[in-house]
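Have a look at the structure below, then the notes.
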Amino acid sequence: MKSLTTKLKLLRPVLTSLCSYSSTDQTLLLNEFTRFCYQRDLPKALRVMDTLQSHGLWADSATYSELIKCCMSHRAVHEGNLVRRHLYFNGHQPMLFLANVLINMYVKFNLLTDAHNVFDEMPLRNVVSWTTMISAYSKSKQQQKALELLDALSVFDEMVTGDAIVWNSIIGGFAQNSKSDEALKLFKRMKRGGFTAEQATLTSVLRACTGLTLLELGMQAHVHIVKYDQDLILNNALVDMYCKCGSLDDARRVFNGMKERDVITWSTMISGLAQNGYSQEALKLFESMKASGTKPNYITIVGVLFACSHAGLLEDGWYYFRSMKKLYGIDPVREHYGCMIDLLGKAGKLDDAVKLLNEMECEPDAVTWRTLLGACRVQGNMVLAEYAAKKVIELDPDDAGTYTVLSNIYANSQKWDSVEEIRTQMRDRGVKKEPGCSWIEVNKKIHAFIIGDESHPLIVEVKEKLKQLIDRMIGIGYVPETNFVLQDLEGEQMEDSLRHHSEKLALAFGLMTLPLGKVIRIRKNLRICGDCHVFFKLASKLEKRSVVIRDPIRYHHFEDGKCSCGDYW
DNA sequence: TTAGGGTTAG
């Protein structure tokens, strides 16, 4: 509800213009202008606007607002500029309200510099002016400017720092652009400022926790959102958070407690189960979904096919793939083909995988070829791997890991010229390897371990702990893998750093700091390598600990010497 | 009849 003062403020310009209606002509002009604005007849409205200006007349703000909306709906930038010039005519300042409308117009045109100019020229701004700018920047490539403006706003209005909408927009913008840590910092600032987060803000916060695999923090957020118990979107985000953090019991609990479920709920849970290695349960859930009357969409089918590929369910995979069009009217797209190529390839049917790849209705992309490369790794097919790796590099020349894989393949066949060629290519293209990095949450804080980086305060102790662990494992038969050829899909591996792959350091740290019985959860930026996979299986048995590793594609649950992925990843 | 934000699955 608008306060009386606000209403009066809004009415003032209308009253002013009414008082100036001295002649019938002018009244007619204004009426005409208003009519054209409402009719969204931009050229006519602009013509009348010019005439108005020559009479020294301004229409009321509601009319101008409509006119600007009209420019926006026509995406008429030029006309928008005309209106702006009209409003500033003869040194006039548009009233606050109209300046805000102008800012919004430029934001919608994605002309942030113009928007910021209007903002800068305003003698007075309100929270709407700030929000419009901050929100625009938080979604743009200039996110830093959103933070700068927020700081400026705090100085300008320390007690209030805007309102919940400002916070919501900036947190949402950062969460949406994978700036999870910044989003969470802002959320803390928001709470310190005494603001209460609404559903959408909390959903963004959950998204940020999901992005960082912050289970503890996500659970804390869960406690705070019980009042939105039956909010569908929030619950969907919760299910996803628990799945992505590898905590399937919690995910199931939320899922089962939901009174309303939509296609996203079902798809999230199906994919979540599949990614975590519970393929049969995922397929069963798909049946329940159909029984519930919810229609699957193409994402649901991606999850279903992923479940099949994960468990090597060749027959089921083919069945779902072949019948998706007929049963659900869904045309297979790249992701579906990708799942099938993965399934066929890892089941040892590389020829069929290649055949399907060639039959694709859409062009295979880098991801498709990388999928085939992954299958070659499992099958140890160097010839096809070389071909697939070349294709990946062709389509994604910045993919550092694949260069390494290709280089390893050449080195293994002693094609040293080719090895040198790859190195030159990488140098020429400025491709740098992303260093392997693993994160682990202890006491709601993230600890990062980066390969070759010694900056963690406990790094000496962690390395010592790891050394002891390796020695004990060698005692029970662990042989460090030294054949890198196809072991390491992302090319993280280097001989001397093998002992200190980031996830091994994170594991050692987890063993040191987390109480017995607590699951050790690690998130990685690169895919786990063959040696680490063996290492983690053995470590889970030796240390009697459950370990979950989330890599960019899927999850590995290590328990009692086994991994949920069944060694196909 | 006039202004700002944000939300989930791949």
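Order of the sequence lines sets the chain letters (A, B, ...), proteins ahead of strands, with each chain counted from 1. Just so it is clear, the values below take in all heavy atoms, side chains as well, and ignore hydrogens, waters and symmetry mates.
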side-chain contact (heavy atoms from CB on, under 4.5 Å) between A/Phe306 and A/Ser271: does it pass, once the steps are laid out?
-> CA-CA 7 Å; A/Phe306 194 85; A/Ser271 298; over 6 Å; no
Hey, can you pull the residues of residues 331-345 of chain A with a non-hydrogen atom under 4.0 angstrom from DNA chain B?
-> none
Is it true that A/Arg207 and A/Asp240 make a salt bridge, defined as a side-chain N closer than 4.0 Å to a carboxylate O?
-> no
Find out whether the Lys NZ or Arg CZ of A/Arg252 is both under 6.0 angstrom from the six-membered ring centre of A/Tyr278 and within 45° of the ring's axis.
-> yes
Could you walk me through whether A/Thr132 and A/Val128 pass side-chain contact (heavy atoms from CB on, under 4.5 Å), step by step?
-> CA-CA 6 Å; A/Thr132 314; A/Val128 175; 4.0 Å; yes
Nearest-Å distance for atom pair CG/P, residues A/Leu87 and B/dT2 = 18 Å
How close or far is atom P of B/dG4 from atom CG of A/Leu149, stated in whole angstroms?
-> 18 Å
Identify whether any heavy atom of A/Val166 sits under 4.0 Å from a base atom; if not, whether one sits that close to sugar-phosphate; answer base, sugar-phosphate or nothing.
-> base
Ion pair check, A/Asp551 and A/Arg527, cut-off under 4.0 Å = yes
Where along residues 124-147 of chain A does a heavy atom come under 4.0 Å from DNA chain B, residue by residue in number order?
-> A/Asn126, A/Val127, A/Val128, A/Thr131, A/Thr132, A/Ser135, A/Lys139
By a strict heavy-atom criterion of less than 4.0 Å, which residues belonging to residues 234-254 of chain A are in contact with DNA chain B?
-> A/Asn236, A/Asp240, A/Lys244
Is A/Ser61 side chain donor-acceptor paired with the B/dT2 base, going by distance under 3.5 Å alone?
-> yes
Taken to the nearest whole Å, CD1/A/Ile233 to C1'/B/dA9 is 12 Å
Ignoring hydrogens and angles, does a donor from either the side chain of A/Glu198 or the base of B/dG6 sit under 3.5 Å from an acceptor on the other?
-> yes
The ring-ring contact (aromatic ring centres under 6.0 Å, His included) partners of A/Tyr106 (sequence neighbours excluded) come to none
Between B/dA9 atom P and A/Lys295 atom NZ, what is the distance in whole Å?
-> 21 Å
Sequence neighbours left out, what passes side-chain hydrogen bond (donor to acceptor under 3.5 Å, both in side chains) with A/Glu148? Give chain and number order.
-> none
Could you check whether A/Ser267 gets within reach of a base, just the sugar-phosphate, or nothing at all, counting any heavy atom under 4.0 Å?
-> base
Distance check: side-chain N/O of A/Arg207 vs OP1/OP2 of B/dT7, anything under 4.0 Å?
-> no
In whole angstroms, how far is the P atom of B/dT7 from the NE2 atom of A/His222?
-> 21 Å
Can A/Tyr555 and A/His557 be said to form a side-chain contact (heavy atoms from CB on, under 4.5 Å), step by step?
-> CA-CA 6 Å; A/Tyr555 308 78; A/His557 290 246; 4.3 Å; yes
Looking at A/Lys69 and A/Glu66, does any basic side-chain N land under 4.0 Å from a carboxylate oxygen?
-> yes
Take the protein atom CG of A/Leu153 and the nucleotide atom P of B/dG5, then report the distance between them rounded to whole Å.
-> 16 Å
Tell me, with the steps shown, if A/His74 and A/Glu79 meet side-chain contact (heavy atoms from CB on, under 4.5 Å).
-> CA-CA 9 Å; A/His74 286 81; A/Glu79 287 76 3; over 6 Å; no
Give A/Asn297 one of three labels, base, sugar-phosphate or nothing, depending on what nucleic acid heavy atoms sit under 4.0 Å from its own.
-> base
Kindly say if A/Gln199 contacts the phosphate of B/dG6, meaning a side-chain N or O under 4.0 Å from OP1 or OP2.
-> no
Identify, with sequence neighbours excluded, every residue that meets ring-ring contact (aromatic ring centres under 6.0 Å, His included) alongside A/Phe33.
-> A/Tyr64
Should A/Lys259 and A/Asp229 be marked as a salt bridge (charged side-chain N to carboxylate O under 4.0 Å, His left out) after you check the CA-CA gap, both sets of side-chain angles, and the distance that decides it?
-> CA-CA 10 Å; A/Lys259 292 197 178 76; A/Asp229 188 24; 5.0 Å; no
Can you tell me how far P of B/dG4 sits from CD1 of A/Ile165, to the nearest Å?
-> 10 Å
Give one of base, sugar-phosphate or nothing for A/Thr203, where a contact means two heavy atoms less than 4.0 Å apart.
-> base
Taking only N and O in the side chain of A/Asn104, is any of them less than 4.0 Å away from OP1 or OP2 of B/dA3?
-> no
Please report, rounded to the nearest Å, how far the P atom of B/dG5 is from the CD atom of A/Gln176.
-> 14 Å
